[in-house]
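This structure is a prediction, so every number in the text was calculated from the model and none was measured. In what follows, chains are A, B, ... by sequence order, proteins preceding strands, each numbered from 1. Because only heavy atoms are used, hydrogens play no part in the values below, and waters and symmetry mates are left out as well, while side chains stay in.
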2 protein chains.
Amino acid sequence: MTSSITARRRASEQRRATILKAAAAVFFEQGYAATSIDAIIAQIGGSKRNIYNEFGSKEGLFTALVSEAAEEALEALAVENIGSRDLDGSLSEFGRRLLGIYMSSTLIGVLRTVMAEASRFPELAKAFYEKGPGRTSDRLTAVLEVARARGEIDVPDCRMAAEHFVGMLRDNLHLRVLLGLQDPPEAKDAEAIVASVVSIFLKGVRADRTVSEMH
Amino acid sequence: MTSSITARRRASEQRRATILKAAAAVFFEQGYAATSIDAIIAQIGGSKRNIYNEFGSKEGLFTALVSEAAEEALEALAVENIGSRDLDGSLSEFGRRLLGIYMSSTLIGVLRTVMAEASRFPELAKAFYEKGPGRTSDRLTAVLEVARARGEIDVPDCRMAAEHFVGMLRDNLHLRVLLGLQDPPEAKDAEAIVASVVSIFLKGVRADRTVSEMH
DNA sequence: CCAGTACGGTAACTTACCGTACCCGTCAAT
DNA sequence: ATTGACGGGTACGGTAAGTTACCGTACTGG
């Protein structure tokens with residue numbers, strides 16, 4: 001009895017996941033308006049009732065897709081506290097994760113569609129920003145403020161510096177990937193990028209030796 | 001006789017410009033697929049024959065729009081050589097212009113649509129990148145290499161550093177503007193951002209004093 | 001074994017829109 | 001003044017797509 005109920009629920013979740021996967025492939029490739037429900041169904045079989053029963057409408061499917069994809073991609077950031085080590089280690093770890101996420105095909109697709117549909121789904125854009133890049137900014141700002149309090153760095157505005165740091169990771173390479181002109185970098189190249197970013201940034205914000213030697 | 005011909009040509013160019021302006025408003029707001037020719041005509045009056053006579057098709061109108069809008073926005077970068085001053089001045093000037101362009105409503109719209117439609121119009125994405133961000137990278141890389149040859153800076157990879165620099169200008173603030181969550185910064189705030197970026201970057205890449213004092 | 005229900009497939013309905021054709025007014029040249 | 005070309009407005013063909021009505025089916029509970 002209950003087993004059949006849970007079996008049904010499992011099947012339903014399975015269907016839901018299948019739909020979302022196919023929807024991601026089409027929405028993230030073609031954009032919202034150019035994507036047809038038929039195109040999604042053509043990938044997974046079945047009929048449109050599947051989608052309308054589960055998500056109610058095209059908008060419902062799209063918002064569910066973006067929310068869940070963003071959530072999934074971004075949760076890698078939220079797991080544990082990163083600011084516990086020294087600044088170099090924190091920034092490196094931060095950068096590694098951030099770059100990996102930004103270069104993931106999921107987040108590339110989310111970025112493309114969320115930017116494109118920002119005027120049609122403003123609340124989606126807001127939710128995405130706050131859960132992802134906004135939270136990242138907050139976290140990194142806090143890390144920098146601790147370092148500033150310890151006299152390790154010397155910047156007038158930690159938030160601005162934090163935003164510059166994440167910007168360095170979304171540089172022209174990231175833009176080329178977004179534009180489909182290049183594949184995401186291999187792990188080795190990504191590591192080199194993070195090292196370069198952290199090196200320049202750290203040297204750029206570090207307090208002068210005279211100051212850091214004061215304590 | 002000839003006066004009427006030139007008058008006609010002027011009128012034609014006027015019409016073309018009017019169409020492009022209205023097309024920009026709609027395409028950049030709604031995206032390619034969601035934009036209807038009727039919506040563009042509704043803004044400027046006239047009939048669709050205007051558009052089809054001038055641009056042939058919806059695709060033709062779109063590619064013409066993106067090409068010309070990008071060209072217009074990006075030509076501010078190409079005017080004169082920037083690397084003639086000292087590095088600080090060059091980077092500041094570079095940053096000022098770049099930030100102004102990236103925050104302009106025109107380029108915000110171009111970025112949104114070019115990213116979204118990259119899979120449908122790959123050659124458009126390529127042309128945009130090469131004329132804009134790619135050229136910027138090249139230019140800045142050259143500036144940095146000159147500075148490195150003079151021993152002013154010390155970085156392993158000037159191109160990578162250049163890309164990081166432009167990335168710093170496209171930080172989370174730029175993302176918020178792209179997502180429609182915030183208006184572009186006022187001139188005063190933009191100046192502060194550029195100053196912060198140049199300060200951190202310059203300090204981050206500057207050669208150690210022991211090295212720069214060697215000559 | 002039977003009634004009820006919920007789900008899935010077919011297909012139709014309605015709308016939107018690209019691209020084109022037609023009709024009419026306007027304006028210029030002879 | 002007449003004629004002809006051009007452009008505005010409208011309507012239409014064809015197609016594509018979002019959404020829903022209808023119906024069969026399979027599974028739940030007694």
N/O donor-acceptor pair under 3.5 Å between A:Lys203 side chain and B:Phe201 backbone: no
Taking CD1 from B:Ile44 and C1' from D:dG8, how many angstroms apart are they, rounded to a whole number? 12 Å
Check: A:Ala192 main-chain N/O paired with A:Ser196 side-chain donor or acceptor under 3.5 Å: no
B:Ile37 CD1 to D:dT10 P: how many Å, rounded? 18 Å
Minimum-distance nucleotide to B:Asn53 side chain [options: D:dG7, D:dG8, C:dC7]: D:dG7
Judged by atom type as modelled, is there a donor-acceptor pair below 3.5 Å linking the side chain of B:His174 to the main-chain atoms of B:Leu169? no
Before we go on, tell me: are the rings of A:Phe62 and A:Phe121 under 6.0 Å apart, centre to centre? yes
Regarding the side chain of A:Arg49, the nearest nucleotide among D:dG18, D:dG8, D:dC22 is D:dC22
Measure the distance from NZ on B:Lys48 to P on C:dA21 and round it to the nearest whole Å. 13 Å
Rounded to the Å, how far apart are B:Asp38 CG and C:dT15 P? 16 Å
Return the value, rounded to whole Å, for the distance between atom CZ of B:Phe55 and atom P of C:dC18. 15 Å
From CZ of B:Phe27 across to P of C:dC17 the rounded distance in Å is 12 Å
Would one find a side-chain N or O of A:Asn50 under 4.0 angstrom from OP1 or OP2 of C:dC7? no
When the distance from CD of A:Glu54 to P of C:dG8 is rounded to whole Å, what number comes out? 9 Å
Look at the side chain of B:Tyr52 and decide which nucleotide, out of D:dG18, C:dG8, C:dT20, has an atom nearest to it. C:dT20
Pair A:Glu93-A:Arg96, salt bridge (Lys or Arg N to Asp or Glu O under 4.0 Å): steps then yes or no: CA-CA 5 Å; A:Glu93 181 62 21; A:Arg96 242 189 308 273; 3.3 Å; yes
Give a yes/no answer on whether the side chain of A:Lys58 brings an N or O atom under 4.0 Å of OP1 or OP2 in D:dG18. yes
At under 4.0 Å between heavy atoms, what does B:Ser47 touch on the DNA or RNA strands: base, sugar-phosphate, or nothing? base
Distance, rounded to the nearest Å, where A:Ile41 contributes CD1 and C:dG9 contributes C1': 11 Å
